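For reference, the structure discussed in these notes is given below.
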Amino acid sequence: MAEGHTKLIGPDLVQGIAFSDLPDGGKLVGHCREEQVLLVRRGTEVFAIGATCTHYGGPLVDGLVVEDTVRCPWHHACFDLRTGEALRAPAFNPLACWSVEQRDDRIFVGEKRKRTAPKLRDGGSGKVPEKIVIVGGGAAGFAAAEKLRREHYQGSIVMLSNDEAPPVDRPNLSKDYLAGRAPAEWVPLRGESFYSKNDIDLRLNANVVGIDARSGEVVLADGARTPYDRLLLATGAEPVRLTIPGADQPHVHTLRSFADCKAIIERATTTRRAIVLGASFIGLEVAAALRARDIDVHVVAPGKRPMERVLGPQMGHFIRALHEENGVVFHLEDTASSIDGSKVKLSSGITLTADFVVAGIGVRPRFGLAEKAGLDVDRGVVVNAFLETSASGIFAAGDIARWPDPHSGENIRVEHWVVAERQGQTAALNMLGQREKYAAVPFFWSQHYDVPINYVGHAGRWDEIAVDGDITAKDCLLRFKREGRTLAVASIFRDVESLEAELEMERQMAI
């Protein structure tokens, strides 16, 4: 995001505002010198914090204040009003805080306060581990390592990633970066200096092939062994590969890594026609990103409507129409049967022509390592409420973890970025002995052109979809219900209501 030359909005808070201009529970954006500041009042207390979320810059004035926190309207990050600390992913960086003075029935914002390290939590149960190993360099693995250091953990952290790049902001790979709207420097979750500065031993191109639970070591493909006192498995998922004839050609791509994304961009800069196989979230985000690059896009998928399995028929119909309005051509209830150079033959007998193909036909959780180690698996790695596996001292988080979800009352596994990050943070605390249950309500967002879709909760199945608003007008909130109970909520441009739905689900769990 560009800095400087931004027109400041709102009152000059150094000069002050009337106390009556900020009602109890209210929010107001002003500026202090050259920075935008958000004022939040709770009773007689007034807090002054940075006005935009440190994740993607969402306007916190449009968010939701919950007790002494504020939640971002875009992607549900959460910040402490007193300290600015980022309490929930997807934000990791804290907000700036300013001193506030009240005198003569006016509110004045003073100097920016120096950042203070988060307070140490009360000691957990058991001995603090000396060596923590994290297998995986994705959302969960990064969030765990970052949280461990933020919690003042002084022991060894080794992160073993089989990727060639440091942890990246994967949602950007199918959204803004792929579309050409975000620079490459936005993609890494942190610069390489972060790992050395925080004494995180990040080892790339590291393939773990075994876990020796008796000796407390992980075994790498080259025979090397890395000891651990606590182990986090955050191996994520891998794209389902096409098995049709011609799928192994170099112009046939999947999208998971930074390298995958750069390869697709390279194709898109020199060609004009693409076929996307699959009308999933990834598939259609890729389609939208390629249309932003003026690529002709055909989407081939077996379902009747895009995303119907997750979002239902009405939203599926809307999403199809939205993409068609932007030039995408659909071939639904069809699949690719072979690829021969630029010719893609479909099961229906139709032959399409394309310069490159992107397969977005799903992902498969990578839990083979856990299975080989004898851990309990059930279409994922089974963990308890503390994200600990069937083996003491070994935890799992992210796409591979199947956990007891307190809201749905079911054991679920989901492949959401924010879920993986939040699980990584909870696993970090529990590796330190904190015994904190993972109870965050699942959340994800998807972007299609100028339309964001937010989804809170988890509804593997439902018997009713209650629609509030107008889907075609891009102003709606859908409640997915089973036996009268709302399990999930999807929304378009209903940000506060999405946050309120999240809060309501949290409160239901607390009852």
Side-chain angles (χ1 to χ4, degrees), residues 1 52-64 70-78 88-91 139 169-182 186-187 255 279-292 305-308 310-312 314-326 328 360 414-422 441-459 465 467-480 488-503:
M1 279 156 278
T52 56
C53 178
T54 58
H55 174 232
Y56 279 5
L60 296 178
V61 70
D62 296 332
L64 185 68
V70 61
R71 303 188 185 194
C72 176
W74 287 1
H75 308 128
H76 293 210
C78 180
R88 295 186 183 183
D169 181 24
R170 189 171 292 126
N172 236 323
L173 300 184
S174 60
K175 298 180 176 73
D176 287 342
Y177 180 67
L178 182 58
R181 293 189 293 265
W186 282 17
V187 176
L255 177 55
S280 63
F281 289 96
I282 291 295
L284 290 189
E285 287 178 356
V286 167
L290 293 177
R291 287 299 300 136
R305 300 177 187 86
M307 303 186 192
E308 182 174 8
V310 177
L311 297 177
Q314 294 161 289
M315 190 73 93
H317 177 76
F318 163 76
I319 291 168
R320 174 179 179 170
L322 174 65
H323 280 268
E324 287 178 335
E325 288 170 10
N326 284 275
V328 172
V414 299
E415 295 151 0
H416 302 337
W417 182 254
V418 174
V419 169
E421 290 180 320
R422 292 178 179 177
V441 176
F443 168 80
F444 73 82
W445 81 95
S446 187
Q447 184 76 29
H448 304 261
Y449 310 100
D450 62 342
V451 178
I453 300 172
N454 283 1
Y455 184 98
V456 174
H458 178 76
I465 302 176
V467 179
D468 179 38
D470 187 339
I471 297 175
T472 58
K474 306 172 187 176
D475 175 24
C476 61
L477 184 137
L478 285 68
R479 293 180 176 86
F480 298 82
V489 169
S491 61
I492 299 175
F493 293 123
R494 294 281 188 96
D495 292 340
V496 171
E497 289 175 69
S498 177
L499 287 167
E500 290 171 342
E502 178 183 62
L503 181 61

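Model, not experiment: these values are computed from the prediction. Quick note: residue numbers are just sequence positions, from 1.
For Arg422, the salt bridge (charged side-chain N to carboxylate O under 4.0 Å, His left out) partners two or more places apart in sequence, or in a different chain, are Glu502. For Glu415, the salt bridge (charged side-chain N to carboxylate O under 4.0 Å, His left out) partners two or more places apart in sequence, or in a different chain, are Arg413. Checked against side-chain hydrogen bond (donor to acceptor under 3.5 Å, both in side chains), Asp169 has the following partners two or more places apart in sequence or in another chain: Tyr56, Asn172. Annotation: side chain to side chain contact (heavy atoms under 4.5 Å, CB included) contacts of Ala288 (sequence neighbours excluded): His323, Tyr449. Residues forming a side chain to side chain contact (heavy atoms under 4.5 Å, CB included) with Ser446 (at least two apart in sequence, or on another chain): Phe281, Glu285, His448. With sequence neighbours excluded, the residues that form a side chain to side chain contact (heavy atoms under 4.5 Å, CB included) with Ala292 are Ala179, Arg181. For Arg170, the side chain to side chain contact (heavy atoms under 4.5 Å, CB included) partners at least two apart in sequence or on another chain are Leu173, Arg256, Trp417. With sequence neighbours excluded, no residue forms a side-chain hydrogen bond (donor to acceptor under 3.5 Å, both in side chains) with Gln447. Listed by chain and residue number, nothing satisfies the side-chain hydrogen bond (donor to acceptor under 3.5 Å, both in side chains) test with Gln314 (two or more places apart in sequence, or in another chain).
To the nearest 0.5 angstrom, His76 atom NE2 is 11.0 Å from Cys53 atom SG. From Arg291, atom CZ reaches atom CG of Asn326 across 7.5 Å, with rounding to the nearest 0.5 Å. The CD atom of Glu421 sits 11.0 Å away from atom CZ of Phe443, with the distance rounded to the nearest 0.5 Å.
Minimum interatomic distance between Gly360 and Ser280 (heavy atoms only, all atoms of both residues): O-OG, 3.3 Å. What you find for Leu311 and Ala490 is that their closest heavy atoms are CD2-CB, 4.0 Å. Val419 and Pro442 make their closest contact through CG2-CA, 3.8 Å (heavy atoms, listed as atom of the first residue, atom of the second, distance). Here the closest heavy-atom approach between residue Ala501 and residue Val489 is recorded as CB-CG2, 3.9 Å. Shown here for Phe480 and Gly312, the closest heavy-atom pair between the two residues is CE2-N, 4.3 Å. Summarising the geometry of Ala91 relative to Thr54, their closest heavy-atom pair is CB-OG1, 3.7 Å, with the distance given to 0.1 Å.
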(request) Determine, step by step, whether Val70 and Cys78 satisfy the side-chain contact (heavy atoms from CB on, under 4.5 Å) criterion, reporting the C-alpha distance in whole Å, the side-chain angles of both residues, the deciding distance to 0.1 Å, and the verdict. (result) CA-CA 6 Å; Val70 61; Cys78 180; over 6 Å; no
For residues 471-479, dump all side-chain donor-acceptor pairs below 3.5 Å to protein atoms at least two apart in sequence or in another chain.
from	atom 1	to	atom 2	distance (Å)
Thr472	OG1	Asp470	OD1	2.6
Asp475	OD1	Arg494	NE	2.6

Residues 450-459, side-chain donor-acceptor partners within the protein, below 3.5 Å, at least two apart:
from	atom 1	to	atom 2	distance (Å)
Asn454	ND2	Trp74	O	3.2
Tyr455	OH	Ala459	N	3.3

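Asp62 places none of its side-chain heavy atoms less than 4.5 Å from the side chain of Asp495. Using a 4.5 Å heavy-atom cutoff, the side chains of Met315 and Ile492 are in contact.
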